[in-house]
Amino acid sequence: MTTRREDLIAAARVAAAGAYAPYSGFHVGAALLMSDGSMVTGANVENASYGLSLCAETVAVARILSTAERGALEAMAVSGGEPGAPGQGPTVTPCGRCRQVLVELAQLSGTDPLIWCDGKDGVLEVRLSELLPHAFGPANLT
Ligand code: THU
């Protein structure tokens, strides 16, 4: 698990370099680990109409959900900070909207993924269910 964690954090840091964040100057990368061992990354994509900006986690989940073979979400790493320095500032945890977006994929998967949040003080490890307890998701609509 340790190696997977380090690999995923590293992938999130690399993904942060692809951020389009000219307004906040805060570059975030997310890396999803699927049960088949594949990784999918995303970075935040901002918009001149600020409220339309997309977080890195949401971009990564959209990439998975827009493919036919969705697979199961095992873990996600998120890292962010100043350009070129992801993980060197305060710990980045997924925003509330992203938690809900992640629940959609997790419930489809039947998993409660580990979430690894990078920061200068180390990696915070939590389950998605801890970040968003009693979540509403696709299971509530069946
Ligand atoms: N952001 C993310 O991409 N993920 C998070 O978990 C927190 C915030 C983005 C949104 C915005 O583009 C920038 O970081 C500053 O809030």
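First listed ligand is number 1; within each ligand, the first listed atom is number 1.
- Between the side chain of Thr111 and the main chain of Leu73, a donor-acceptor pair closer than 3.5 Å is present.
- A single hydrophobic cluster is seen to contain both Val103 and Met34, as judged by linkage of ILVMFWY side chains at heavy-atom distances under 4.5 Å, directly or through other members.
- Atom CG of residue Asp7 and atom CG of residue Leu33 lie 9.0 Å apart, to the nearest 0.5 angstrom.
- Checked by atom type and distance alone, the side chain of Ser24 pairs as donor or acceptor with a backbone atom of Phe26 at under 3.5 Å.
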Distances only, to 0.1 Å: what are the N or O pairs between ligand 1 and the protein that fall under 3.5 Å?
residue, atom, partner, partner atom, Å
ligand 1, 3 (O), Ala56, N, 2.9
ligand 1, 4 (N), Glu57, OE1, 2.8
ligand 1, 6 (O), Glu57, OE1, 3.4
ligand 1, 6 (O), Glu57, OE2, 2.6
ligand 1, 6 (O), Thr93, O, 3.3
ligand 1, 12 (O), Asn44, ND2, 3.0
ligand 1, 12 (O), Glu46, OE2, 2.5

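- In this structure, Glu104 CD and Arg70 CZ are separated by 10.0 Å, a value rounded to the nearest 0.5 Å.
- In the hydrophobic clustering of ILVMFWY residues, with side-chain heavy atoms under 4.5 Å counting as a link, Phe136 and Leu131 come out apart.
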